[in-house]
Amino acid sequence: MAEDKSPNKPQSASNLAEIRATRIEKVAQIKELGLNPYAYKWESSHHAAELQEKYADLANGEEVEDQVAIAGRIIARRVFGKLAFFELQDETGKIQLYLEKKKINNTMLDLVGAFNHLKKLSDTGDILGVKGTIKRTEKGELSVYVSEFQILTKSLLPLPDKWHGLTDTEKRYRQRYVDLIVNPQVRQTFRIRAKITAAIRRYLETRDFLEIETPVLQSEAGGADARPFITYHNTLEMDLYLRIATELYLKRLIVGGFEKVFELGRIFRNEGVSTRHNPEFTMIEVYQAYADYHDMMALTENLISNVAQEVLGTTKVNYQGDEIDLTPPWRRVTMHEVVQDATGVDFAQFSDFDSAKTAAKDAGIEVPSDCQTIGKLLNEAFEQKVETTLIQPTFVLDYPVEISPLAKPHRDKPGLVERFEVFMVGRETANSFSELTDPLDQRQRLEAQAAKKAAGDLEAQDIDEDFLAALEYGMPPTGGLGIGIDRLVMLLTDSASIRDVIAFPLLKNQSTAIKSFDYDAEQQILRIVFGNGSIYKYLDVPQSIYKELKETSSVGQYFNSQIRDKFGFDREV
RNA sequence: GGGAACGUAGCUCAAUUGGCAGAGCAAGCGACUCUUAAUCGUUUGGUUGUGGGUUCGAGUCCCACCGUUCCCA
């Protein structure tokens, strides 16, 4: 076809590649005008919210001669012949720009036809800086009456629908920056999150707690029952684990003589993903010498209610339709009591496991095969019958020793430890003990854990000899507390999923295509090169597999179903 | 790990029993000095997640895979 494709006439464009090409062409045109589509700096005098507040009383049609400068993203354009209205959004809010051809062209004498250039070369999504005065339009919209503008950053990609926004959850999480641009409540969530962590630190600092940073890379992953991530240090030639808790290092600091320490930081657990779990999440652990778990209860309820008051201005918060009252004191109940209330079974009365098991089964509790002590049974009953019913903040006290290897034995109740967990909206939100300080007891408990680990329990703890050595030097009586920050933020921001309070939650990679592969028949090594550049050598792969891979109509699919997860591999670095 | 649902244009969504893939917004072009989901005219834009299968014919039915969401463990 001999169609006339004049290079000066932009082709009509509406798919992504064409929109992008059109905008890249605009970048070139901006440069031809001697302007920089990617500016270095801009000085604003105000933010949008400040202007909205300052001129709230300006009457319709009224103007004031105050000079202002403001910058932000163009999120809407309403363009007339010699007049245009843009909506500008900055971090604080929105304000309209009143753009008049006459005024702009009379001011920007260096740029001939400045108004028309703005009309032609700007798009929604661009970052724009403007200077001008203040005017409330006749229709009542507070506006900056623009005399000068500068395109600070040219955007190449279109924003989502101005009315419906971005709703696709996958895209919202994978491209959080777009989500943040178009969904103001998402920005608000992360603003509140920052205020919460700041308020927690402020609360603790005014009470003389020190925040001390402990290692993320650890040679033993201890302090919790969880599977760790494993990594490798090349020059030291050693395996390292990402921390699953900060507990054992913070306790070393107590041994060292600090009396009030905490750390608010990222924890990594190699576990599944759900609305309540992200493999990396944020926890605060607090340790106070000479305190017990009763002191930690007071600290917990005061800290959290104080934070809510400071950040939200109230201790009564709405969560997914429930009103949660965080005003202290919170309900305190022992695990035995609360389980008995829910199931009618008093687990304290049993002396042998089998009769307890029978009673539990009669009460409708599923007993997993690895549950072989009364204490674990009690915990099962609690998790199955009680946990989700605890909506208002509740301290659940006095846990079985079997599931609490780092907690001090209860001073009055044999078989139990001085431990509490806080539940709200049916979720565990905090965990605390009178910390175990007897080094010999601690060694026995960790040895029992290590035995479980040796028997295949991937979540059991290892023995951290150096931690035990620290305890042998002597740790004062100490109360410890851990609070899940993400879950607290969920509560205070009324977020249903943990992914709504983590800016960049972990998502599965969209699978990368296989670029090429070859086979070493002698060593039975299948070497696969992926599109992202990584190379994997799959070991002991029979020749038949290689043949089928070569002949299949879909390499990626064959790989997914027949090779990945089925053969061991080495990564080529 | 098990179950259910979903995946269509840049965004938000349609598409009857298996029968021509459509709309709004966004985008291109034109008009317009009070719009605010601007309006009016006009023009574009699709490998229906991927790979197979059934069929004269597949967005729709079947199988596998990828991803997401929710529930359960």
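Basis for what follows: all heavy atoms, side chains included, without hydrogens, waters or symmetry-related copies. In what follows, chains are A, B, ... by sequence order, proteins preceding strands, each numbered from 1.
- Across all strands, Thr169(A) comes closer than 4.0 Å only to sugar-phosphate atoms, never to a base (heavy-atom distances).
- Checked by atom type, the side-chain pair Gln449(A)/Asp462(A) shows no donor-acceptor distance below 3.5 Å.
- Counting only heavy atoms from C-beta on, Glu18(A) has its side chain closest to G45(B) among G45(B), U33(B), C34(B).
- Of the listed nucleotides (C34(B), U12(B), G67(B)), C34(B) has the atom at the smallest distance from the side chain of Leu83(A).
- Side chains of Thr282(A) and Arg193(A): a donor-acceptor N/O pair is present below 3.5 angstrom, by distance only.
- With U33(B), G67(B), C11(B) as the candidates, the nucleotide lying closest to the side chain of Glu170(A) is G67(B).
- Pair assignment for G46(B): none, as no Watson-Crick or G-U wobble contacts are both less than 3.5 Å.
- Not a single donor-acceptor pair, N or O on each side, falls under 3.5 Å between the base of G67(B) and the side chain of Asn509(A).
- For Leu166(A), whose side chain is taken as the heavy atoms from C-beta onward, the closest listed nucleotide among U36(B), U12(B), G10(B) is U12(B).
- Counting any heavy atom pair closer than 4.0 Å across all strands shown, Lys94(A) reaches no nucleic acid atom.
- With hydrogens and angles left out, the side chain of Tyr558(A) and the base of C65(B) share no donor-acceptor pair within 3.5 Å.
- Pair assignment for C13(B): G22(B), on the basis of Watson-Crick or G-U wobble contacts that are both within less than 3.5 Å.
- A sub-4.0 Å separation between OP1 or OP2 of G30(B) and a side-chain N or O of Lys120(A) is present.
- With hydrogens and angles left out, the side-chain atoms of Thr552(A) and Ser554(A) include no donor and acceptor closer than 3.5 Å.
- Using a 4.0 Å cut-off between charged side-chain N and carboxylate O, Arg419(A) and Glu421(A) make a salt bridge.
- Nearest nucleotide to the side chain of Arg564(A), out of G10(B), G51(B), C66(B): C66(B).
- For Asp518(A), the CG atom sits in a packed shell: over 12 heavy atoms of surrounding residues, nucleotides or ligands are nearer than 6.0 Å.
- A 3.5 Å limit on both hydrogen-bonding distances identifies no Watson-Crick or G-U partner for A73(B).
- Counting only heavy atoms from C-beta on, Lys508(A) has its side chain closest to U68(B) among C11(B), G28(B), U68(B).
- The side chain of Arg174(A) sits closest to U68(B) out of U36(B), U68(B), G51(B).
- Side-chain proximity of Ile19(A) to the nucleotides U36(B), U50(B), A27(B) is greatest for A27(B).
- Using a 4.0 Å heavy-atom cutoff across all strands shown, Val79(A) reaches at least one base atom of the nucleic acid.
- Base pairing of G67(B) is made with C6(B), judged by Watson-Crick or G-U wobble geometry with both donor-acceptor distances under 3.5 Å.
- Counted within 6.0 Å of CD on Glu383(A), heavy atoms from surrounding residues, nucleotides or ligands total more than 12; the atom is thus considered enclosed.
- Taking every side-chain heavy atom of Thr167(A) into account, C13(B) is the closest of C34(B), C13(B), U69(B).
- In this structure, Leu507(A) reaches the sugar-phosphate backbone alone: every heavy-atom distance under 4.0 Å involves primed, P, OP1 or OP2 atoms, never a base.
- G30(B) is paired with C40(B) under the Watson-Crick or G-U wobble criterion, all donor-acceptor distances under 3.5 Å.
- Using a 4.0 Å heavy-atom distance criterion, Lys101(A) is classed as making no nucleic acid contact.
- One can place CG of Asp179(A) at 19 Å from P of G10(B), the figure rounded to the nearest angstrom.
- In this structure, Gln175(A) atom CD and U68(B) atom P are separated by 14 Å, rounded to whole Å.
- For Thr275(A), the listed nucleotide lying nearest its side chain is C70(B); candidates were U36(B), C70(B), C65(B).
- In this structure, U54(B) makes no Watson-Crick or G-U wobble pair, since no nucleotide meets both defining distances under 3.5 angstrom.
- For U16(B) and G2(B), the P atoms lie 33 Å apart once the distance is rounded to whole Å.
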